[in-house]
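For reference, the structure discussed in these notes is given below.
Computed from heavy atoms alone, side chains included, the values below leave out hydrogens, waters and symmetry copies. Each chain gets a letter, A, B and so on, in the order its sequence line appears, and its residues count up from 1.
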Protein chains: 4
Amino acid sequence: MNFASDNAYGAAPEILKALSDAASGAVPSYGDDAITRRVAKRLGAIFEREVAVYPVVTGTAANSLALATLCPPYGAVFCHKDSHIAVDECAAPEFFSGGAKLVHLEGEGAKMAPETIAAALPAFQRGVHSPKPSAVSVTQATELGTVYSPPEIAAIAECAHNNGMALHMDGARFANALVGLGCTPAEMTWKAGVDALSFGATKNGALCAEAVVFFDNNAVKDFEYRRKKAGHLISKMRFISAQLDAYLEGDLWLKQAVRANGLAKRLSEGLAAIPGISLAVPTQANAVFAWLPDKLAKKLRGEGAKFYDWAGEDGRVMARLVLSFSTPEEDVAKFLEAARS
Amino acid sequence: MNFASDNAYGAAPEILKALSDAASGAVPSYGDDAITRRVAKRLGAIFEREVAVYPVVTGTAANSLALATLCPPYGAVFCHKDSHIAVDECAAPEFFSGGAKLVHLEGEGAKMAPETIAAALPAFQRGVHSPKPSAVSVTQATELGTVYSPPEIAAIAECAHNNGMALHMDGARFANALVGLGCTPAEMTWKAGVDALSFGATKNGALCAEAVVFFDNNAVKDFEYRRKKAGHLISKMRFISAQLDAYLEGDLWLKQAVRANGLAKRLSEGLAAIPGISLAVPTQANAVFAWLPDKLAKKLRGEGAKFYDWAGEDGRVMARLVLSFSTPEEDVAKFLEAARS
Amino acid sequence: MNFASDNAYGAAPEILKALSDAASGAVPSYGDDAITRRVAKRLGAIFEREVAVYPVVTGTAANSLALATLCPPYGAVFCHKDSHIAVDECAAPEFFSGGAKLVHLEGEGAKMAPETIAAALPAFQRGVHSPKPSAVSVTQATELGTVYSPPEIAAIAECAHNNGMALHMDGARFANALVGLGCTPAEMTWKAGVDALSFGATKNGALCAEAVVFFDNNAVKDFEYRRKKAGHLISKMRFISAQLDAYLEGDLWLKQAVRANGLAKRLSEGLAAIPGISLAVPTQANAVFAWLPDKLAKKLRGEGAKFYDWAGEDGRVMARLVLSFSTPEEDVAKFLEAARS
Amino acid sequence: MNFASDNAYGAAPEILKALSDAASGAVPSYGDDAITRRVAKRLGAIFEREVAVYPVVTGTAANSLALATLCPPYGAVFCHKDSHIAVDECAAPEFFSGGAKLVHLEGEGAKMAPETIAAALPAFQRGVHSPKPSAVSVTQATELGTVYSPPEIAAIAECAHNNGMALHMDGARFANALVGLGCTPAEMTWKAGVDALSFGATKNGALCAEAVVFFDNNAVKDFEYRRKKAGHLISKMRFISAQLDAYLEGDLWLKQAVRANGLAKRLSEGLAAIPGISLAVPTQANAVFAWLPDKLAKKLRGEGAKFYDWAGEDGRVMARLVLSFSTPEEDVAKFLEAARS
């Protein structure tokens, strides 16, 4: 019963097979290969426009490289105070950018409102004394498993663009958010004003594969130099690209997200129906946040359940329960049963 | 006939199988898993002492993270002017360290002599005006396919340590150098004074796996923070570790290096016997550097041979021909035949 | 009537004279001169212990160099959300440190409580995923002209030290705080647990002179290299040191602070007595923060008063009025008169 | 007899007086004052075109800030291997730029030839693997007291511009070079293709004042943010500007350079006439480099002469003797007399 994280699970067989298929023969290194080009083409079709695609191996690298491209050393990035870039990456964006400032904003359900961004801006408009507002970063799905609707993203993008900032989306759980919303990839990104996307695959079934996607070639700027200089240009790139290729082929990425989200829904509904348990936020992707009595949390752990306490207060904890593309179905049933008794 | 680089080739079947074997079930992420621990144990046995082991995915990351750990922002790293860290990594060590200086030294066969290092030091001993000498980095095997003997390494280590510097070894082709020398891994590293090692596997059959190895736990210092902050801590670490695990199991790493070096020897001897062709440096690992008449180089390329010109002068080029764990044997024969006619 | 900032005023005649006195003859550069040594001795006497003293020319440099010495690239610095290092230095500490995180904490009167720091810490104790808590920085006097009492500083120091963090004090207005408190320099710093101090002189009568003071030689670490590497080692150091020397001689620094604080008290008391005006915070150093009706603020500006609006709300503004060593006395009287009518 | 450096000497009385004159009253801080504007106007007249002028306090800051503006983190700066930025600034440009590479080139008399730059370029044209050639930096006068003629500068500028690089001039001894050449400031800079200049005043009579000068407003880019973020924006800017203002008024800067260069010429000719002594390079500005027998060097030091050994070989040293705006005339006579006997 491992609900600790979707990255606790392994990799999809289709993706593993793609690695073996890609392994023979000699091909140009550093991304000048056919599989890498095919991934760009696939993503172009998925996003309904030509896109610039750069595979990397971690979400932290994807986010930090994208942000360092969008934000100068003397710039500021506006993000939610609980976002991954704000609290889970050891201040990597600050390092990659050469000292930019991440501005931590409040917001319900780990989501920022455009009004909150707008209200923060005046403090950054005192010339060179303040870091220059350069980018906004939203997480989709968020750290609380909630999602921004396309109109919500569009409103943030409008605020960003009107104030000379670019919009970045941390899509470590892009597929889960997309499936949760039921919209198109284009609607959730460039049609709503997103300039750069960290398109995650690792958490949803790849071994180590993310893609930084730019929707306008002008936004790419010096990204390729930055990727190399940070040690994130993989020599045998075909093996990262092969993961993405298989991930996208035949809608595997969507199928896996449908499965994870479905399990989350089942768990969420099951828990909500148990007296003494309540949901902390609505379940909109593949994570459930539920308030459990301390005693129950302890009991569940005693029976083998793994999960993190996201918060705690007098007598209860907010448990984070993440479902993945390969979490066993029976684990959900077993957890609910244990929670009920 | 692809001799462009060993990273043009794919991955060993044993390593691909290990990925599939590692893929099922839920395990702790970020390196707190059994496979990662097994790799550390294996390397401990290979090096005949306990070692601290940190898997990463590129040689640039391994080198830069190791050097940033050994060398402060205001420090200097002494290296050969043709070394990978000096000319092939877009100044990544300068970035990771926060602005350290790489001092480019001369030396025959891409090797530094301790005397050259010693002679360079006085210019760095003017207090805070000069970067502080902090590390020496040797490449094993070098960019010209030559190797440092253990006594040569020991002499450099002595010079480094006597001057308050640590010794780093870029072992992107560690196995090839080891097989070329016929010594033990311990003799080639810590017994000769090496403090930190970039232990490469990618070029010799892995997909994307290197390990930074420290021979003394005190040298590790803040390496783990640096790895995370640079986006190089892989969440599903088991998949990097599984590559290293299979690479080391049953001496696969040595067998593959023996094969690559053997092909290099065959190619080298074959070329040396052809009138009008001469070796630029002795072939000591898996790369051959040979002077070819321009016309011959053109002809060979016309017949499908891929290789880089490492240098050029009136009427001839220095061809770099790299052999790998999976270069087809017949390609060597075919190349020699074409060169002879 | 310029109350915009204490740095709007010039320099004390005694300090200007010291520059002329120091100007003749040849002396060693970069700080190896008699005046620089005398400053260290003077500060040793003032602080009642041997101290390591490093003159620099800006408060931003003093703060950032001190913090980069105390906090590694992967570290976190806890400070008040309104502190100068947090909002007025274009994220300079992030740049100097190589990407450290400044954690912005709440607190009344621009002061942090140790409980607030303690409450923030757990979020930074998830291994390499969080920046490592490395330093706390307090501003004395604060951006709201309030001061920390020695016991308040000691409580913060205890919290810092118990959690492996050093304590830095931004003393851009050190003299004003000291005079406001009526304690000794030792009591306000190392006796209360301060490890490193930015000792300001510029705002209190120097041209461009601050000193970074370490109370324990072990804390200095690599500060001197960092100062040089950031372009902050002044070649003709005697001219920075001469400013500090004259500043400290005959208690000039205290006399000037007494004057500025006295004017602030007079202005503060005068304003508090006017109906419709109220103090936003108690006046404890050389700055007055008072709520003025919008109409009055406008009128005062119309009559030539210069000051910043620190905040604003329905119908009134919080005016910041800073007094300096050389603000004309009559300006205070004039301002009060205008405010009354 | 102090010939150690021109920065061993103090400051010109005219400049000290300007400080006192600038000291009274309240003016806007951070450079928004009348004196700073006047300096820009003066430099505009001197350079015969509108220029963007930014005062800073050290040559290292001027050079590093200018270079970080011209060269991205992944860029390369081509400079002479003995230049100040290469060996005397603790790798400050690498820090300010975020890890750019300084490429150390050979060249007689501490001067680079355009051919040398051109020959170095191909190694930097392998895509993202090499740092991107972004700037060339020349020192005027050089570290050996030699000067580039305007045509020599123009040839380097052409090479730089043709290859997408900007040209920076480190003019720490700009006045000495100018006087040595007898050309106009415009001819020595923008008319020859210089894009950014570190205009030095400190070594020639100021206390701590340099100006970064851009000849085209488009080249300024984000310089002002960088200056603030590095702690180099002086709050009481009028005091840096006042130094520059007095330095430029009534040609003080030229007069002082004429004096220093004249003394250098006298010393140079005197030494060249002494048997056993020879000049190492022609004396073209305010420094003399002469080969002295070891015994003589020792004797001169015994009699109180201060100077650095720039190089040494069997039985003799290359003495660096720097003359300044206020080196006593009799010191030159005395030194020559001692050298003759």
- Query: By a 4.5 Å heavy-atom criterion (distance strictly below it), what part of B:Ile15 contacts chain A: side chain, backbone, both, or neither?
  - Reply: neither

- Message: One pair to check against side chain to side chain contact (heavy atoms under 4.5 Å, CB included): A:Ile234 and A:Phe239. What are the steps and the verdict?
- Response: CA-CA 9 Å; A:Ile234 305 294; A:Phe239 290 119; over 6 Å; no

- What heavy-atom pair brings A:Ala196 and A:Leu70 nearest, and what distance separates the two atoms? CB-CD1, 4.0 Å

- Note on the structure: For A:Leu102 and A:Pro93 the tightest heavy-atom approach is CD1-CB, 3.9 Å

- Message: Please rank A:Ala11, A:Gly59, A:Ala26, A:Gly98 by heavy-atom pairs under 4.5 Å with chain B and give me the top one.
- Response: A:Ala26

- Message: Looking at every heavy atom in both B:Phe223 and B:Ala66, which two are closest together, and how far apart are they?
- Response: CE1-N, 4.0 Å

- B:Ala22 versus chain A, the contacting section by heavy-atom distance below 4.5 Å: neither

- Rounding to 0.5 Å, atoms CG (B:Leu300) and CG (B:Leu321) come to a distance of 8.5 Å

- Message: Under the rule for side chain to side chain contact (heavy atoms under 4.5 Å, CB included), what residues qualify as partners of B:Ala211, not counting sequence neighbours?
- Response: B:Leu43, B:Val53, B:Phe199, B:Val213, B:Leu244

- Is there a side chain to side chain contact (heavy atoms under 4.5 Å, CB included) between A:Val212 and A:Leu197 once you walk through the steps? CA-CA 6 Å; A:Val212 178; A:Leu197 165 69; over 6 Å; no

- Task: Might you work through the side chain to side chain contact (heavy atoms under 4.5 Å, CB included) test for A:Phe214 and A:Val220, ending with a clear yes or no?
- Result: CA-CA 6 Å; A:Phe214 292 97; A:Val220 176; 3.7 Å; yes

- Task: Find the distance between CD1 (A:Ile240) and CG (B:Leu207) and round it off to the nearest 0.5 Å.
- Result: 7.5 Å

Donor-acceptor table for chain A and chain B, threshold 3.5 Å:
from	atom 1	to	atom 2	distance (Å)
A:Asn7	OD1	B:Ser29	OG	2.9
A:Ala8	O	B:Val27	N	2.9
A:Ala8	O	B:Arg238	NH2	2.7
A:Tyr9	O	B:Lys236	NZ	3.4
A:Tyr9	O	B:Arg238	NH2	3.4
A:Gly10	O	B:Lys236	NZ	2.7
A:Ala11	N	B:Ala23	O	3.4
A:Ala23	O	B:Ala11	N	3.4
A:Val27	N	B:Ala8	O	2.9
A:Ser29	OG	B:Asn7	OD1	2.9
A:Thr58	OG1	B:Gly231	O	2.8
A:Thr60	OG1	B:Lys228	NZ	3.2
A:Cys90	O	B:Lys229	NZ	3.0
A:Ala91	O	B:Lys229	NZ	3.1
A:Thr202	O	B:Lys236	NZ	2.5
A:Ala206	O	B:Lys236	NZ	2.9
A:Lys228	NZ	B:Thr60	OG1	3.2
A:Lys229	NZ	B:Cys90	O	3.0
A:Lys229	NZ	B:Ala91	O	3.1
A:Ala230	O	B:His232	NE2	2.8
A:Gly231	O	B:Thr58	OG1	2.8
A:His232	NE2	B:Ala230	O	2.8
A:His232	NE2	B:His232	NE2	3.1
A:Lys236	NZ	B:Tyr9	O	3.4
A:Lys236	NZ	B:Gly10	O	2.6
A:Lys236	NZ	B:Thr202	O	2.6
A:Lys236	NZ	B:Ala206	O	2.9
A:Arg238	NH2	B:Ala8	O	2.7
A:Arg238	NH2	B:Tyr9	O	3.4

- With a 4.5 angstrom heavy-atom cut-off, which part of A:Ala206 approaches chain B: side chain, backbone, both or neither? backbone

- Which one of A:Ala12, A:Ala91, A:Ala61 has the most heavy-atom pairs closer than 4.5 Å to chain B? A:Ala91

- Segment of A:Leu65 engaging chain B (4.5 angstrom heavy-atom cut-off): neither

- Query: What residue in A:Cys208, A:Pro28, A:Gly25, A:Pro13 has the most heavy-atom pairs under 4.5 Å with chain B?
  - Reply: A:Gly25

- Item | Stepwise side chain to side chain contact (heavy atoms under 4.5 Å, CB included) test for B:Phe96 and B:Leu67 | CA-CA 8 Å; B:Phe96 279 76; B:Leu67 290 172; over 6 Å; no

- Note on the structure: Bottom line for B:Ala4: the part with an atom under 4.5 Å from chain A's heavy atoms is neither

